[in-house]
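One structure below.
Heavy atoms only: backbone and side chains are in, while hydrogens, waters and symmetry mates are out.
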Amino acid sequence: MANGSGQGWWMYHGDPQHTGYVSSSGIDSSNASTLQTLFTVQLGGPVLSVPAVVDGFVYVGIANSAAAYGNNGGALLKVSLATGQVEARFDWDIPLGERDAHGFTGMGCTPAVTGGQVFFSAFNGKFYCLDADTLALQWVTDLRYGDPLHNQPVNNDLGSDGDPVAAGWSSPVVAGGQVYVGMGEGENPALFGFVYCLDAATGDVDWLFCTCKLQAGQDNQPNEIPAAVARGQVPSMFTVVQPDPANPPPTGASVWSCIAYDPDTKRLYVSTGNPATNDNGLPPPPTGWTDPHAAPGCTVSLPPGVAPPYTYSVIALDAATGSLLASFQPTQDTSYRPSDLDIDFGGSPTLFTYTGGGASEKVVTVANKNGSLFLLDAGTLQLKASRQLLPYDTTGQRIPSVDPHPISQALSPPTPDNCESDQNQNENFHGPFGTPAVDVANGMIFVGMGGPNYHQPAPGLDMQTTPFMRAVAWDTLDDAWPMQPVSVNLPQGTVQVQQYTNAAAAMYQNPGESALGSPAVVNDVVFCGTSFVSLYAFKVSDGTLLWSDQLGMQTLGLNGGYGYCLGPAIYQNYVVAGGLVNGGDGGVLKIYGLPSGSSSSSSSSSSSSSSGSSRSNGSTGSTGSTAGGSSGGPAAG
């Protein structure tokens, strides 16, 4: 099997285009309610990513591994779908000072498994390649510190004591014998973001592209390196760029998620985050723009200045050379509040072919933390359409409890009114952080809503008004599931909002519950993991809840609701998901499957809801009986 021709859910979001769509499965709306828990596997640490599933095995990484000294390290494990046993593992320790900005060690990306190899990046700034059978190390390339043996010239390690170091959150994409991955850190004002192209056989750097604009008035070229991170002898293929003292280059612009790849055009689509040295918002709204959602009598506060090119952006690169082909950066009028700052693209772009009205064209869709979903022309990255996914009330006004910007950052501050939030520049924690899933059969896009549930001003999302997943038609971006008006009582008074009718059996139930990760679609069922450390299955056509399971309890740390399930991998009749949970070693992997002898019936027009349909306020809602006990952990390798 050549590199780039993986089988199953072999990389992040299932394929290089990151559609999150599976049709080669017997799971559909007629039998999803019968999914059972086959194995609950204790791995020895939290799962901060979506697993990969290939040829009957789960490949999954953990953070803060119990097997590492002081939990300062990670592990990559290979688990059998048939037995739930850990068949092989690869471990590494790191020094205490090399934890990522959030205190994590180990890894938080989905590995790519193809050609008999496993590829992944880690929080220690290194990129690993293992043998897929034994998990023996084949090569490792340091992407934080210069690695001359692998033609890696960058020392991306500057900063003051206490600043986070460059870390690998980006999941790799593999194509044509090359591996593409991002590396950087958006919270350190001295670090730069990069896209790397590595030789899959050796780990040598074929080219790199800096995602921070290096010179005013001209686009970055492949293999240009800012002088600050080019120390020592630099190979001749790279160009060191000396900064203009009057116009120093921005930093940050980290690639947080996976890079999408188009096998037809050989293009890469890369999403980036905030500039670490210039939190001045986004390009201003179009001339003459007036805020249609502003509170009466309130003057909105637009952040001054503009963000540097390539930050808060989607960029297209030539996969063979790294040359910049196109870029897109949203304007501030697409944010839920004009006062929003630090608007990252936290998830990956998704590439699909739009068909409708006789047209057929390639489109990139991507969700931004500012609350908006964008559709871009795949060739030019010109904006085709956008939709604000965070809710307005039925009169079109913003809702005080959605994306609040309190003046006080004290623990659990009272919700400010719209005028205060619109005037106080702050970060949006309620918009999408993950990657959309595209249902190519039914022309729908599914987007997880809400961010981390530990931020004091606005943990998770406001569950009374905001669904933890949006379902929209890909041609209009209108909601594709039935909705009904509901009155919600807030400290500022009663507001009326539109809520999903059928999906309300799961949504609007648990305070702060958000879908920080990425949904996945199999036939006519969409799965979504949440910060309640739960996994849900909904009927694609109308949002009927079919099944749910809680992987474990939240840790009750920080603001009292810390925990994640970032979404499932789907392989044949299996659904696999991991999470960060309370107790044990802080993590769990669950393998679900259809009962033995179960068959699909896609033509069925109705689906029986599971016991999870009545789940609310803390009940587990698990509909699967346990067919296998716990297994794995450090002793099982």
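- Put simply, the side chain of Asn424 gets close to the backbone of Pro406: a donor and an acceptor are under 3.5 Å apart.
- A side-chain donor from one of Thr334 and Asn370 sits under 3.5 Å from a side-chain acceptor of the other.
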CA sep, side-chain torsions, deciding dist, call: Trp481, Thr501, side chain to side chain contact (heavy atoms under 4.5 Å, CB included)
CA-CA 8 Å; Trp481 287 349; Thr501 306; over 6 Å; no
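- Formation of a donor-acceptor pair under 3.5 Å by the Gln554 side chain with backbone atoms of Ser531 is found in this model.
- By the 30° and 60° cut-offs, the orientation of the rings of Tyr536 relative to Phe538 is parallel.
- Taking 4.5 Å as the limit, some side-chain heavy atom of Ser257 sits within range of a side-chain heavy atom of Thr435.
- Rounding to the nearest 0.5 angstrom, the gap separating the OG atom in Ser421 from the CD1 atom in Ile407 is 9.0 Å.
- In terms of modelled atom types and a separation under 3.5 Å, the side chain of Glu361 and the main chain of Ala378 share no donor-acceptor contact.
- Inter-residue side-chain proximity for Pro308 and Tyr310 is flagged as unmet; no heavy-atom pair is nearer than 4.5 Å.
- Here the side chains of Tyr500 and Met483 are in contact, with some heavy-atom distance below 4.5 Å.
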Step by step, would you call Leu381 with Tyr269 a side chain to side chain contact (heavy atoms under 4.5 Å, CB included)?
CA-CA 10 Å; Leu381 292 187; Tyr269 296 94; 4.0 Å; yes
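- Side-chain atoms of Trp256 never come within 3.5 Å of backbone atoms of Ser348 as a donor-acceptor pair (strictly under, hydrogens ignored).
- Residues Met469 and Val526 have side chains in contact (heavy-atom distance under 4.5 Å, counting atoms from C-beta outward).
- The side-chain heavy atoms of Trp547 and Tyr592, taken from C-beta on, include a pair separated by under 4.5 Å.
- Judged purely by atom type and a 3.5 angstrom limit, Asp403 has no side-chain atom pairing as donor or acceptor with the backbone of His430.
- The two atoms that bring Pro349 and Val364 nearest to each other are CB-CG1, 3.7 Å, heavy atoms only.
- With hydrogens and angles disregarded, no donor-acceptor distance shorter than 3.5 Å links the side chain of Glu513 to the backbone of Gly460.
- Across all their heavy atoms, Ala253 and Thr311 have their closest contact at CB-CG2, 3.7 Å.
- In summary, Asp291 and Arg337 do not engage in a salt bridge, as defined by a charged side-chain N under 4.0 Å from a carboxylate O.
- At a cut-off of 3.5 Å, with distance as the only test, a side-chain donor of Ser339 or His405 sits close to an acceptor on the other residue.
- Side-chain atoms of Thr555 and Asn582 include no donor-acceptor pair closer than 3.5 Å.
- Taking the side chain as every heavy atom from C-beta outward, Asn418 and His293 never approach each other to under 4.5 Å.
- The aromatic rings of His18 and His13 lie tilted to each other, with the angle between the two planes from 30° to 60°.
- Within the model, atoms CG of Asp333 and OG of Ser386 stand 8.0 Å from one another, a figure rounded to the nearest 0.5 Å.
- Residues Glu427 and Leu341 fail the side-chain proximity criterion, which asks for heavy atoms closer than 4.5 Å.
- For the atom pair CG (Asp340) and CG (Asn426), the distance works out to 8.5 Å, reported to the nearest 0.5 Å.
- Nearest heavy atom pair, residue Gly451 against residue Ser514, reads O-OG, 2.9 Å.
- Not a single donor-acceptor pair under 3.5 Å links the side chain of Asp422 to the backbone N or O of Cys419.
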Between Phe328 and Asp377, does a side chain to side chain contact (heavy atoms under 4.5 Å, CB included) hold up when you go through it step by step?
CA-CA 10 Å; Phe328 165 77; Asp377 180 270; over 6 Å; no
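- Nearest approach of Tyr12 to Ser171, heavy atoms of both residues: CB-CB, 3.8 Å.
- Residues Leu516 and Leu566 meet the side-chain proximity criterion, which asks for heavy atoms closer than 4.5 Å.
- A donor-acceptor pair under 3.5 Å links the side-chain atoms of Ser49 to the main chain of Cys109, judged by distance alone.
- The heavy-atom pair separating Lys362 from Thr353 by the smallest distance is CG-OG1, 3.8 Å.
- To the nearest 0.5 angstrom, Thr350 atom OG1 is 8.5 Å from Ile445 atom CD1.
- No hydrogens or angles considered: nothing links the side chains of Tyr312 and Asn368 as a donor-acceptor pair under 3.5 Å.
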Test Asp549 against Leu35 for side chain to side chain contact (heavy atoms under 4.5 Å, CB included), laying out the working first.
CA-CA 10 Å; Asp549 183 51; Leu35 282 168; over 6 Å; no
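- A donor-acceptor pair under 3.5 Å links the side-chain atoms of Arg398 to the main chain of Tyr336, judged by distance alone.
- Put simply, CD on Gln492 and CD1 on Ile399 are 11.0 Å apart, with the number rounded to the nearest 0.5 Å.
- With hydrogens and angles disregarded, no donor-acceptor distance shorter than 3.5 Å links the side chain of Asn64 to the backbone of Gly45.
- The two residues Arg387 and Asp479 make their nearest non-hydrogen contact at NH2-OD2, 2.9 Å.
- To the nearest 0.5 angstrom, Phe468 atom CZ is 5.5 Å from Cys528 atom SG.
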